[in-house]
Structures are given as structure tokens and as C-alpha cells.
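Input: a single structure, listed below in C-alpha cells.
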Amino acid sequence: MAEAGAPGSTPRRPMHHRRNFTGLTIKELDAERAKWPKETFELWERLSKKEANDVETIQKSIVRHVTTTLARAAFNLDNFSAYQAVALSTRDRLISRWNETQGQMSRADPKRIYYLSLEFLLGRSMDNALLNMGLKETYGKSIRQLGFNMEDVIESEVDAALGNGGLGRLAACYMDSLATLDYPAWGYGLRYNYGIFQQRIIDGYQTEYPDYWLNFDNPWELPRLDISITVGFGGHVQTTQDEYGQTRHNWVPGTNVQAVAYDVPVPGYDTENCNNIRLWRSKPTKVFDLTSFNEGNYEKSVEDATNAEKITSVLYPNDNTMAGKELRLKQQYFWTAASLHDILRRFKKSMREWSDFPDQVAIQLNDTHPTLAIVELQRLLVDQEMLSWDDAWDIVTKTFAFTNHTVLPEAMEKWSVPMFEYLLPRHLQIIFDINLFFLQKVEKMFPNDRGLLNRMSIIEEAQPQQIRMAHLAVVGSHKVNGVAALHSNLIKTTIFHDFVTYYGEDKFVNKTNGITPRRWLHQANPQLSALISQTLGGDKWLKDLSLLKGLNDKTEDAVFRQRWAEIKRANKVRLAELIKTRCDVEVSPDALFDVQVKRIHEYKRQFMNILYVIHRYRTIKSMSAAQKASVQPRVVIFGGKAAPGYYIAKLVIKLINSVAKVVNQDPAVGDLLKVVFVPDYNVSVAEVIVPASDISQHISTAGTEASGTSNMKFVLNGGIIIGTLDGANIEILEEIGEENIFIFGCMAHEVEDLRHAQRYRGVPMDPALQGVISAIERGTFEDPKIFQPLISTLTVGKDFYLISADFASYIAANQQVDAAYKKQADWIKKSIRCTANMGKFSSDRSVKEYADEIWNVKPVSVVDEGYMAK
Ligand SMILES: *Cc1c(COP(=O)(O)O)cnc(C)c1O
């Protein structure tokens, strides 16, 4: 990247560039370099050598940041300040790698991957950066000698929570894998001032608090105030004739805002390569609109500035539901326009033909959120670069690929045409043209099928008309993928069925999700990671997860099993401490830890889980003392946020907390059953919970969970799944074997018939479930009136998510879990086999598949050359 590695620029302070090299080609840069006097060049070269990574140099850099950057003294240093200093020292090393990588990439100019995602759920950065750069031990030692403890320092960091759940965390895992595998890849997203809200539980209810994560500065980003792009909104379209008699369109926006770049370095594991996530922040074009100001309308000019800042103010807290808000559409355009401008600027530096664009650029759309990039690229190529419509469209469709994440109808993005026209009049024209030319081709292939054209149209003929973003994404991309085998097949027979008929099968592929083993095993479960490395004779498995298969040989080794069990127990002790601190409930680490942590959603069926807990509670209450002696003690752990406007999901949280209050205080139950709701579930909390589960629940109604990724995290850590045949559970079962997973419930192909029966044949409720509902209605857990709307989803709502249909098999599966847990030696064998056979679910495997089969991009390795070298 020329703007970073250019001579005359200091890498840390882009504001003070001697000159602005942003627009220069490599040739021009080399010419500038040649102009330098030899002595000047050599001086720079000598002084810009990387800092060494020995304990003393690291300690010096930490102390320097304490005394100068932070202006503090050692004797009044708290853990947070120590964290800041260590973070700044780590950041220096990250930036060196980042600079070197970007410089070398500019020179090599390979085909690049651009991953467009509205969410990057990164969590904490320090631990991960130190582990990936191989500096954790040295830093640990350095900090210890300076009087601090690494764990405490790590705990002082706040999460970067710029995402809702699985989709945002997937983007973060993919960025880790892309960097680790040396792919030239950039992520593009938004720098929200407020990440996902913080959740507190008050009187059993979720309450939301703003997550102002930037309060204490963010050392993991590099503000690049020199990179600022103008993005327009509104206005009108001028139509003119050019000298060849061609109609030309020129969009004249009514207002402009600035997009300023903030770069987040992403270091790979065990490589010099350091990729980038560029996050855009919105700023007013000029601080004050001078016209308004001069007219004495000071308030209006301030208001305009505030409106510009608002665009990247807040992350929408909806997971798998569409809000339809104007500000959200503004976010989407702001982000895609700035990102494309940046991508085009980089492409133009290489002075290639436009037809080479798809050989240099692959853009992946993480869900439909960035679909406007398709329209924006077509607009830039036709209106500004003067390409013909067909040449432009050929480039566009070869460049983009689209990942679908859901088939839930409430999640499908649609934008009302009138609102869209007001914000983006030229883009609307282009969408109508894309649609017309597309439908004309469909008509040619399937003449006179008006139903087909209606179903496939990008425009839905509703009142008002709606733009179907998923259709636009399919039409504008060369590949469409689902995120697990079942889901990829499902989209071909449901939402994209007609498109498969038209385009053929080859356009629709599967890319099963994955997770990074660096964060989700090595970092989150250091003891297990060490045991695995010790057993396999090294840490190669962290870059080739299939090597875990070597653990299969160890299941009969009693000493190894003992060690495996000790580590699980230690992780459970750590989680029990977190539960004591956050929920004020004492739980025994000897009980079975049963976990369901994920966004709260009806399709994920936390409701079914708590209904079963009530069933279990009632069963225990009905037992004699002798019977109770044989009950397997359980701690049922819930966590997850509900969208603030999702009333039913919030009631589920209330029910869980009401049940917890009664159960945890009941002396007739004691340690046989405990229920906790861990507030504010996020990546850092997940890193404590995941390694500590015996059983985790992935119990969505079959066909509703596209993949799931927390299922992979748990099993990789030797946790066993109780789950349905949904999403990636199916492929996990295939890998680990059916004896190592507890499967229950109906299958995806049975769902429609079951729903039909519920609706029209009045199937009676499962008797055990009926008993549970009656207990709630009798007021066993607070005022039953509170929970009536929840119960109504089963009755009036005809139990859309099939809780009653699956309840009996769910009870049976839970009984099998209890029985299996009693045979501890066998249980530990299952646990080992789980970890051993999870190689497929590394995000390294996912990313390689994308690179080979969708992007056609090869890795480019970065060598350690020193900052100034050519
Ligand atoms: C992995 C992860 C998720 C996704 O969980 P699912 O069970 O796959 O929905 C959500 N939130 C956080 C914080 C995660 O780490």
C-alpha cells in the first residue's frame, strides 16, 4: 500500500505527511525515491529498523509509553494503564508488520480479496495479536518483571463489539484465516461509535445500555485522516447527449458527507503477513455549511454536521431480522460507496485495462447488506468511466460473489422504492435497468410465464414497490453460496429455486462455515492447547487442524484421559467464578454444565430449553429422597442478547430469570439443578464459557439455522452437542460420529407437513409440555399474566417452531445425556473424539475453498525486509 510505505511519510502520523503520495503509482513512487540524496535514504533506512523482541527492548517500549504517551508514573499505574502501555507497545509491532505487508503487496500487485461486511465482531485484540505474532511469552515475562500480571492486563481491554452474533464473528474468523494463510485480503466495514448494546438484567428483564467502546481510546486502529472520500445522497439525475449521440446520466447529489478511514491491522498466526480491516467513519464535508452560517442559520449548519456524524453512530442490534430504517440504508450506501471508491483508486494505480478488473479484484458480499456495491460499481463504470452498459455489467458480475446467511422471511432485506429513490435516484434507475435486461433474458428462455417473471423480479409489486436485495445480489454475482451443506441445498429449493432453473446448478455452491482455532482453542483454552501440542509433538495443528486426528489414538490412554478431564474441570472452575461474580449464584463444578449461549431468537428455541428445565424441576420435586440420589446434578447456563424491539425474545429472558429465581432457592432441589442467565454475552464471555461446557445446546427447528458456528467452538473444545439435524450440526455429526452427539427432533423435510398438521388438524400438545405450561399458568414462576404472550406462541401462534412436536424426543435425548455422563471414562473418550475430528471446521478450510472455487486468488507470502527496503 503506497500511502503507508512511501518515503517521506512517517508511518504513525499520516496527518503530517511531507507530501500526499496517496495517488501515486508504484513507478512514480520509485521515481520519488530515486530523487532522495543517498545519505538521507540511508539514514532513514538505518533508523527505521524494526524494534527487537527481547525482554529488555519490550520493557523499554512499555515504560516509554507509560512515561511519554500516557504521561504517567510507575507508582500510580493501575491495570488499565498497564494494559494501555502494553497495547501501545504491541501496536508498534503490529504497525511494522502492517507497513511491510502493505508495501510488498503494492509492489506484487496480486489479485486481492475484498470482504465486505457490515459487522466485524472482533472481541479483544491484545491476547490474539501477541499469540499470532509469537510474542505472548516474552510479553508475559516482561510484564511480570514490571510488577503486573498478564491475565489482569488482558482483562482490562474492552471488546470491539461491532457485530450482533454469528455473521459478524464469522467475518472476524475469516479475517484471521486470510491473514494466516497469506492471502492478500482486506475487510471493509463501518466504524460504529456504539457497538452492540450492553445488556443488564434488571428484575429479570433485559435492559439495554449504550456501548461507547471508544471512551478510552482504541489502540487497535490507525486513524488515516488523509484518506477521506466524499459520498453523496439525494439530489437529482441530469440526462444529456454526448458527442456520439449517446444518452449520459450524471447524478448530482443534494448532500455530501465524508468517509474517513480507520485501519485495523489483522496479524496472521506464524507469518509476517498482516492484513487490514478498513472501517469508515462519517464526518461532515465541511464543519459548517457556510451559506446557512452566513444567513445566520447557525443551528441548521450544526444540524447538518450532526446528521453526517449520525451515519456511523450506531450498529443496528437486529440479528436475522430486517429493520427497514432509512438510516440503515444510508449506512449501507455510505459504506459501499466509500469502499468501492477506495478499491477503484487502488486498481487504477496499476494502470491496467478495465477488462482486467475481475482478474485483480474479488469482492465477497457478506449477506445482502453490501448489495448496493453491485449497483455502485455499474454506475461508476457507466456514468464516470464511460464504459458501455454491457462491458460494465460483464465486469461487475465477474467481480462479485454473494454469501446467503438465512432463509427466514423476516430477515430478507427489502427497501421501499419511494424511500430509495429519494436517497439514491440514479441507483434506482440502474436497478430498474438491471431488472429489465435480466427479465428480458428470462422471458427469452421461458416465454409467457408471467408468474415466473413476477417471482424472479428484483422489484416486488407491493404497495409501495419493494427492492428485493437478495435477488439483486444473485443477479449481480457470479457465485452464490450458502454456509452449510443443508442450508446451501435448501436455498436452491426455496428462495432461489427459480434462479437455479434459469442459471443452472453451477452458480450455487456450498461453503461450510468455520472458526479460527487460534482464538477458539489456543487462546480461549490455553491448557488444552498445550496438552494437544505436547501430545502431537508441536503446534503444527494450529495451521492444519486435520492433524488433531492424532488425538484419536489417545482415547485408551488413562493418563491422557485424566489430564483431559482435569483441564475441563479447571475451565469449569473458572466459569463458576464468572457465574458467582456476574449472577451471584454458586454452582458446583462437579455438576454437568449445560450451556445455551447465542442470540435469543424464537427459531433457536431457548424457550424449549427453559420449558424442559421446568419439566426437570417438576420431576425432581416429585421424587423421593432415594430417587433424588440418582439424579445427575446439572447447571443450566443461558446467555445471549435479544433485539431491543423483539418482545417475545425478551419475554424468554424474563422467563429464564423467573425460573432461575425459584429453582435456585428451592431447598428440595439444592445442587441437583441450578439455572443461570449470564448477562451481556459477548466474545470475551464466550471465551470463558466455551471451554467449560459438558453439553451445549444447538436446538433450532430443523431448516432454520443456516450453519451455526458456536456449535463448532464447543465441539472443538471437547464439549458434546445436544442438537437437531440442522445447519452444520449435520456435518459435525458426519465428522465425529453419531455416538459422540445427541441428536433429536424432526428433520428439515418434515417441517412443512408438521406445521400443516398443527395448523389444520389441531394436533394436541405434548402431555409433558402441557404439564409445564399448566405449572406456569398456575403461577409457579411469578405472575403468570407476564408469560401469557409467550404461551400464546404455542397455542394461538400454532407453535410455528414446533416445540411440542420435538418435546418428547428432546426429553429422551436429555435422559441419554444424563446416563452417558454417569459413565465418566466413556464420556471423556467422547470428548476427546469430538476435538480430534473437528479439523474440517477450521476457517482455514473455509477460506481456502472460497479462494480456490470462488475468488481465484493465490497466497502471496510476505518476507521480513525491514521497513524501507524495496
Ligand atoms: C460464535 C458466536 C456467536 C454465534 O453463535 P451461534 O450459536 O452459532 O448462533 C454469537 N455470538 C458470539 C459472541 C459468538 O462468539
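Sequential numbering from 1 along the given sequence is applied to the chain's residues.
A side-chain donor-acceptor contact under 3.5 Å links Arg605 to the backbone of Tyr801. Judged by distance alone, the side chain of Asp799 and the main-chain N or O of Ser804 form a donor-acceptor pair under 3.5 Å. No donor-acceptor pair closer than 3.5 Å links the side chain of Thr724 to the backbone N or O of Ala702. Proximity of a side-chain donor or acceptor of Asn657 to a complementary backbone N or O of Ile653 within less than 3.5 Å is detected. Counting only distance, with no hydrogens or angles, the side chain of Gln199 and the backbone of Thr207 share no donor-acceptor pair below 3.5 Å. Listed for the Ser488 side chain is no donor-acceptor partner under 3.5 Å among the backbone atoms of Ala485. Panel note: side chain Lys507, backbone Asn481; no donor-acceptor pair is recorded below 3.5 Å. Of the possible donor and acceptor atoms, one in the side chain of Gln206 sits under 3.5 Å from a partner among the backbone N and O of Ala642. Remark: side-chain polar atoms of Lys650 are paired, donor with acceptor, to backbone N or O of Pro644 under 3.5 angstrom. A side-chain donor-acceptor contact under 3.5 Å links Asn164 to the backbone of Asn318.
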Are His471 and Asn435 close enough, and set up right, to give a side-chain hydrogen bond (donor to acceptor under 3.5 Å, both in side chains), and what steps lead you there?
-> CA-CA 10 Å; His471 290 202; Asn435 195 37; over 6 Å; no
Show the numbers, then the answer: is there a side-chain contact (heavy atoms from CB on, under 4.5 Å) between Met765 and Phe807?
-> CA-CA 10 Å; Met765 186 180 276; Phe807 206 68; over 6 Å; no
Given side-chain hydrogen bond (donor to acceptor under 3.5 Å, both in side chains), test Tyr617 with Asp666 step by step and report yes or no.
-> CA-CA 10 Å; Tyr617 173 62; Asp666 193 334; 2.5 Å; yes
Stepwise side-chain hydrogen bond (donor to acceptor under 3.5 Å, both in side chains) check, Tyr603 with Glu705 = CA-CA 8 Å; Tyr603 84 81; Glu705 186 77 273; 2.7 Å; yes
Please report the C-alpha distance between Ile648 and Thr793 in whole Å, then the side-chain angles of each, then the deciding distance to 0.1 Å, and finally whether the side-chain contact (heavy atoms from CB on, under 4.5 Å) criterion is met.
-> CA-CA 9 Å; Ile648 291 294; Thr793 63; 4.0 Å; yes
For Phe787 and Lys654, what are the C-alpha separation, side-chain angles and deciding distance, and is it a side-chain contact (heavy atoms from CB on, under 4.5 Å)?
-> CA-CA 9 Å; Phe787 304 114; Lys654 172 65 178 170; 3.7 Å; yes
Trace of the side-chain contact (heavy atoms from CB on, under 4.5 Å) decision for Glu735 with Met838 = CA-CA 7 Å; Glu735 295 296 306; Met838 282 298 285; 5.6 Å; no
Determine, step by step, whether Gln596 and Asn609 satisfy the side-chain hydrogen bond (donor to acceptor under 3.5 Å, both in side chains) criterion, reporting the C-alpha distance in whole Å, the side-chain angles of both residues, the deciding distance to 0.1 Å, and the verdict.
-> CA-CA 8 Å; Gln596 189 178 19; Asn609 186 347; 2.9 Å; yes
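In this structure, Val375 and Leu472 have side chains that are in contact, with non-hydrogen atoms separated by less than 4.5 Å. No side-chain heavy atom of Ile786 sits under 4.5 Å from any side-chain heavy atom of Phe781. Under the 4.5 Å side-chain criterion, counting only non-hydrogen atoms from C-beta, Phe841 is not in contact with Ser846. In this structure the side chain of Val678 never reaches within 4.5 angstrom of the side chain of Val597, judged on heavy atoms. Inter-residue side-chain proximity for Lys840 and Ile732 is flagged as unmet; no heavy-atom pair is nearer than 4.5 Å. Between Ile656 and Val676 the shortest side-chain heavy-atom distance does not fall below 4.5 Å. Residues Tyr646 and Ile600 form no side-chain contact, since every pair of their non-hydrogen atoms from C-beta on lies 4.5 Å or further apart. At least one side-chain heavy atom of Arg468 sits less than 4.5 Å from a side-chain heavy atom of Ser457.
Distance check: Thr368 OG1 to Ile467 CD1 gives 12.0 Å after rounding to the nearest 0.5 Å. With rounding to the nearest 0.5 Å, the separation of CG in Leu769 from CD1 in Ile614 is 9.5 Å. Taking CD from Glu413 and CD from Gln466, the interatomic distance works out to 12.0 Å, rounded to the nearest 0.5 Å. Rounding to the nearest 0.5 angstrom, the gap separating the CD1 atom in Ile695 from the CD1 atom in Ile720 is 6.0 Å. Tyr760 contributes atom OH, which lies 9.5 Å from atom NZ of Lys798 (distance to the nearest 0.5 angstrom).
For the residue pair Tyr850 / Gln364, no side-chain donor-acceptor distance below 3.5 Å is found, with atom types taken as modelled. No side-chain donor from either of Tyr316 and Gln331 sits under 3.5 Å from a side-chain acceptor of the other. No side-chain N or O of Gln697 forms a donor-acceptor pair with one of Gln606 less than 3.5 Å apart. Ser696 and His698 form a side-chain donor-acceptor contact under 3.5 Å, judged by distance and modelled atom types alone. Side-chain atoms of Glu410 and Thr321 include no donor-acceptor pair closer than 3.5 Å.
Results of the side chain to side chain contact (heavy atoms under 4.5 Å, CB included) test with Leu167 over Thr403, Asp367, Val483 single out Asp367 as the only residue that passes. Under the side chain to side chain donor-acceptor pair (under 3.5 Å) test applied with Lys492, the options His487, Glu505, His497 reduce to a single match, Glu505.
Closest non-hydrogen pair, Cys746 versus Leu802, comes out as SG-CD1, 4.2 Å. For the pair Ile803 and Phe607, the tightest heavy-atom approach, listed with the atom from each and the gap, is CD1-CD2, 3.6 Å. Taking each heavy atom of Thr780 and Ala775 in turn, the nearest pair found is OG1-O, 2.6 Å. Between Asn740 and Arg833, the shortest heavy-atom contact is ND2-CB, 3.8 Å. The nearest pair of heavy atoms linking Ile515 to Thr709 is CG2-O, 3.8 Å. Here the closest non-hydrogen pair linking Ile741 and Ile721 is CG1-O, 3.7 Å.
Salt-bridge check for Glu739 with Lys830: failed, with every basic side-chain N at 4.0 Å or more from each acidic carboxylate O. Between Glu208 and Lys641, none of the side-chain N atoms (NZ, or NE/NH1/NH2) sits under 4.0 Å from a carboxylate O, so this pair counts as no salt bridge. We find that Arg169 and Glu119 are not joined by a salt bridge, their nearest charged nitrogen and carboxylate oxygen being 4.0 Å or further apart. At a threshold of 4.0 Å, the pair Arg616-Asp818 counts as salt-bridged, since one of the basic side-chain nitrogens sits closer than that to a carboxylate oxygen.
Aromatic ring pairs are classed by plane angle as parallel below 30°, tilted from 30° to 60° and perpendicular above 60°; the pair Tyr810 and Phe744 is tilted. By the 30° and 60° cut-offs, the orientation of the rings of Phe438 relative to Tyr503 is parallel.
Aromatic pair Trp415/Phe420: centroids not less than 6.0 angstrom apart.
Legend: residues meeting salt bridge (Lys or Arg N to Asp or Glu O under 4.0 Å) with Asp594, ordered by chain and number and at least two apart, are Arg634.
By the 6.0 Å contact criterion, CG on Asp783 is enclosed, its count of non-hydrogen atoms from other residues, nucleotides or ligands being greater than 12.
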